[in-house]
Amino acid sequence: MNPRTQRGFLILADITGYTPFVAETELEHSQEILRRMLNSIISTLTPVFTLAEVEGDAVFVYSKDPQNNTNSTTDSNSRGRLADIVPDMIESLYYSFRDKRKSVNRAMTCECKACKMATTLDLKFIVHYGEYILNNVGGKTKPLGSCVNVAHRLLKNHVTETTGWKAYALFTKECLDHIKLNSTQLHSETETFDHIGTVETFSMDLDSMYRKFVDERVVYVTADEADFIVQRDFPVAPSLLWEWFNDPKMKTRWNDGSNWDILARPTGRLGRGATNHCVNSKVIERILDYRPFDYYTSSLGRGPVDFTLTCKFQSVGEGCRLTWYIKMNGFLPAGIKKPLTKLLFEKGMGVHKNLDRLLNIIEAEQLMEEV
């Protein structure tokens, strides 16, 4: 049987600074540091993408685009709109990488050169979209095709030379046609390769984005501040559960009696400042803080009744523990706000029944995927 041509995303996450790091440091320590970094990259990407190969200092993953696969309606529902999650996945992975790199530096007690130089390592991403076939050689399945060649050739590009950036995400024009990013806010460049020709690319500076991310005000409702807390475990990774709460169409599927839709996207995609609204209830949701796959905080309300809600996603085994910390805004005493918030969310919004419905949908789709 001939392999079937598929279409989807191809992503390379490449650790930069690796060659001098290995050349100038103790081999045993440098390899252990690299192993930890690669494992962290793989664990973040593989709930959504499929690992093709670890290529030295780079991780190569791929995924079919459910919207271009007529036989994968279940995959489309369970994984949400994959195109929307690609930028969030890259930003979340890079921010986590930087946080861990910073914490390792602070906690470092080893005086070897490898540990001292670990903070010089960084990440870049190549993201392409196109056709490929899956080929099994020696028991290993990975994508093959000209698009795969393009993605790998783009590892050698002129972004750093032109911009000075060491950490960046490079998207091809073919990729941008399938994800929600404003190309006018990205650095554009044309790369030329033998036997391939020209490739239009658009890049974002991940270092400056991380610095902005750190500087932005954190909006987070703590357990002590909450008037009502809801917690539920789900049998999917945080990156997969995330879309069920942040994609308006997916939220409508499990939120009984609702019809959620996009109201505004100031940056062209979901993030801080974005708004959604429920057509049926007239409730408006405004995103106040947005940390993909970790938590988001939003205001939720209609008229004089308004709540601030932090939705926390925590990995638990192979699943995710979802916790809602809900605070009623206003000047009512706590003795009134707490029981009133509980009543409105349990009886008025049916929060427990809705989460039961979501759990049933996820479990049913997992069973269908196994058939």
Could you tell me whether Lys251 and Glu285 have a side-chain N and a carboxylate O separated by less than 4.0 Å? yes
Are the side chain of Asp227 and the backbone N or O of Met328 linked by a donor-acceptor pair below 3.5 Å? yes
Does a side-chain heavy-atom distance below 4.5 Å link Trp260 with Met250? no
Passing candidate, salt bridge (charged side-chain N to carboxylate O under 4.0 Å, His left out) with Asp207, options Lys166, Arg98, Lys124: Arg98
Minimum heavy-atom separation for Arg265 and Pro248, please, with both atom names. NH2-CG, 4.1 Å
Quiz item: cation-pi between Arg291 and Phe213, 6.0 Å / 45°: yes
Taking the side chain as everything from C-beta on, heavy atoms only, tell me whether Phe21 gets closer than 4.5 Å to Asp57. no
Report yes or no: does Asn259 contribute a side-chain atom to a donor-acceptor pair with the main-chain N or O of Val279 at less than 3.5 Å? no
Is a side-chain donor or acceptor of Glu91 paired with a backbone partner of Met209 at a separation under 3.5 angstrom? no
Nearest heavy-atom neighbours spanning Ala58 and Leu38: N-CD2, 4.4 Å
Show your reasoning for whether side-chain contact (heavy atoms from CB on, under 4.5 Å) applies to Asp122 and Tyr94. CA-CA 9 Å; Asp122 223 319; Tyr94 184 70; 2.8 Å; yes
Can you tell me how the ring of Phe307 sits relative to the ring of Phe345, calling it parallel under 30°, perpendicular over 60° and tilted otherwise? perpendicular
Would you check if there is a donor-acceptor pair between the side chains of Asn182 and Thr267 at a distance under 3.5 Å? no
Taking the six-membered ring for Trp, is the centroid-to-centroid distance between Trp254 and Phe245 below 6.0 Å? yes
Under the side-chain contact (heavy atoms from CB on, under 4.5 Å) rule, what do Asp14 and Glu55 come out as? Steps first, then yes or no, please. CA-CA 9 Å; Asp14 180 53; Glu55 303 171 348; over 6 Å; no
Under the 3.5 angstrom rule, does the side chain of Ser92 hit a backbone N or O of Pro292 as a donor-acceptor pair? yes
Going by the angle between their ring planes, with limits at 30° and 60°, are Tyr220 and Tyr325 parallel, tilted or perpendicular? tilted
Would you kindly confirm whether Ile284 and Leu288 end up in one hydrophobic cluster when ILVMFWY residues are joined by side chain heavy atoms under 4.5 Å apart? no
Could you please spell out the steps behind the side-chain contact (heavy atoms from CB on, under 4.5 Å) verdict for Cys147 and Leu10? CA-CA 8 Å; Cys147 286; Leu10 306 166; 4.0 Å; yes
Would you confirm whether the ring centroid of Trp242 sits within less than 6.0 angstrom of the ring centroid of Phe234? no
Examine Ile336 and Leu344 and state if one hydrophobic cluster contains both, with Ile, Leu, Val, Met, Phe, Trp and Tyr joined whenever side-chain heavy atoms are less than 4.5 Å apart. yes
Starting from the C-alpha separation in whole Å, work towards a yes-or-no answer on side-chain contact (heavy atoms from CB on, under 4.5 Å) for Val199 and Asn157. CA-CA 10 Å; Val199 181; Asn157 57 66; over 6 Å; no
